[in-house]
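Side-chain atoms are counted along with the backbone in the values below, which use heavy atoms only and exclude waters and symmetry mates. Quick note on labels: first sequence line is chain A, next is B, and so on, each numbered from 1.
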Number of protein chains: 2
Amino acid sequence: MANKVKFERENVVRVASQLFWQKGFHATSTRDLQEAVNMRPGSIYSAFGSKEGLYCESLKDYTVQMKTQIEGFLSSADTVLGGLRAFVENVIIKTKGCSPSAICMLVKANSEFAEKDSKLYELSLDLMAQFEAYLTQIFEQAINKGELSNTLTAVEYARFFQVQFTGLRGYFNRPDVEQFAEPMINQMFMLMRKL
Amino acid sequence: MANKVKFERENVVRVASQLFWQKGFHATSTRDLQEAVNMRPGSIYSAFGSKEGLYCESLKDYTVQMKTQIEGFLSSADTVLGGLRAFVENVIIKTKGCSPSAICMLVKANSEFAEKDSKLYELSLDLMAQFEAYLTQIFEQAINKGELSNTLTAVEYARFFQVQFTGLRGYFNRPDVEQFAEPMINQMFMLMRKL
DNA sequence: TTTTAACTTGAGCAGTCGCTCAAAATCAAA
DNA sequence: TTTGATTTTGAGCGACTGCTCAAGTTAAAA
């Protein structure tokens, strides 16, 4: 007994996510969003409550997308480390031009929201912790398969991966330096086996 | 034959720098700045031209401050690597509570300005390149003194340092994790000697 | 076909933004 | 002490912000 919603929520969140990832929360205006998702303010606010609400969903969707991407690379690779490596190469080198930003949206969020008790800062921490837990599972597999030594625990490998990956993505957030990317990714995975 | 300026330019830039570093460019309003530096809009605009102008000076001042800090640690350490290590520990562990942000202001700037041809993005790239050149000089000394092998060039060590340091600072931009910091800094310097 | 609850629309509100500029204040030189 | 170039002041401008809500549109249920 009603009217149906005309938009597909998933699609809207995905488009908003791209815009937020590119420009950041503060630099993205509600007018930018209205144009990008082709919705009028009333519809957006009845569906998401606020700009912050839409950003929350966008950030959560981003981590889901990342995990899905990793799953894909893992399932079509012979080894766990091979899959992770393909994922890293894809993010840093292959999707360089078409990605909204070289830098992880979670890291951007974490650095943008300075007030340590703000909802959005807490959300970024929470999602990062979840992602670390997810990586930990993956590294458990790598250890169990004998791809990595057990001198480090799985969570320590996960932390190492996070630091390296974040560092590399930050470093390559510039137009010119694809030439150094490949050897530095080599270095990262070589070092991981030496830990 | 005139009036004298009432403010000390260096001090104003330093205070503005702290605020910009903490909140980012877009989330810092001119009213915030006015209050922080205790100047009326007219004075600020006659001295710095625009919010962007003040930000430029703030960002440049930040890199000067960083270099000065490194100089200090280098001159009061026995080895180049020891000095760098003291610097890293100071930034990540010791000044944790009092620093406006765990994340490097240059990295924050680089990630905040998405439009690849904007003046502020170009400035962040420029200052990062300068800083890499500065680090390269330092690593040249480390190699010459025999503290590091010459399997990598000085600039390659500098890049490695940047990636690790940026990664660590990003990772430790949270309230609770000082406990992991020390071993991970250990790891960073251990790995550098193994390259 | 009529009813009616759900959804969409967009003009526009109240507040904030970066910034300006005429007037007041200041102080070295005359 | 007077002069006059220079700096400081702050009210306030026009643009933009996140967001609201009364009016209009839609389509399933009656």
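As rounded to whole Å, 13 Å separates atom P of D/dT8 from atom CD of B/E8. Atom CE in A/M39 sits roughly 18 Å away from atom P in C/dA6 (whole-Å rounding). Distance A/E35 CD to D/dT17 P: 12 Å, rounded to the nearest Å. The CD1 atom of B/I44 sits 13 Å away from the P atom of D/dG10 (whole-angstrom rounding). Here the P atom of nucleotide D/dG12 and the CZ atom of B/R40 are 17 Å apart, to the nearest Å.
Every residue meeting the side chain to side chain contact (heavy atoms under 4.5 Å, CB included) condition with A/R174, not counting sequence neighbours, appears here in chain and number order: A/Y171, A/D176, A/V177, B/Y121, B/L125, B/E132. Annotation: ring-ring contact (aromatic ring centres under 6.0 Å, His included) contacts of B/F113 (sequence neighbours excluded): B/F25, B/Y55. Remark: B/A114 engages A/Q22 in a side chain to side chain contact (heavy atoms under 4.5 Å, CB included) (not counting sequence neighbours). Remark: B/F172 pairs with no residue by the ring-ring contact (aromatic ring centres under 6.0 Å, His included) rule, at least two apart or across chains. Under the salt bridge (charged side-chain N to carboxylate O under 4.0 Å, His left out) criterion, B/E178 pairs with B/K96, sequence neighbours left out. A/K67 meets the side chain to side chain contact (heavy atoms under 4.5 Å, CB included) test with A/Q130, A/F131, A/Y134; sequence neighbours excluded. B/T166 pairs by the side chain to side chain contact (heavy atoms under 4.5 Å, CB included) definition with B/V107, not counting sequence neighbours.
At a threshold of 4.0 Å, the pair A/E35-A/R31 does not count as salt-bridged, since none of the basic side-chain nitrogens sits closer than that to a carboxylate oxygen.
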Letter by letter from the 5' end, nucleotides 14-19 of chain C scores (B base, S sugar-phosphate only, - none; protein heavy atoms under 4.0 Å) ---BBB
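Rotation axes derived from the C1' atoms of the five outermost pairs at either end of the helix from C/dT1-D/dA30 to C/dA30-D/dT1 lie 10° apart, to the nearest 10°.
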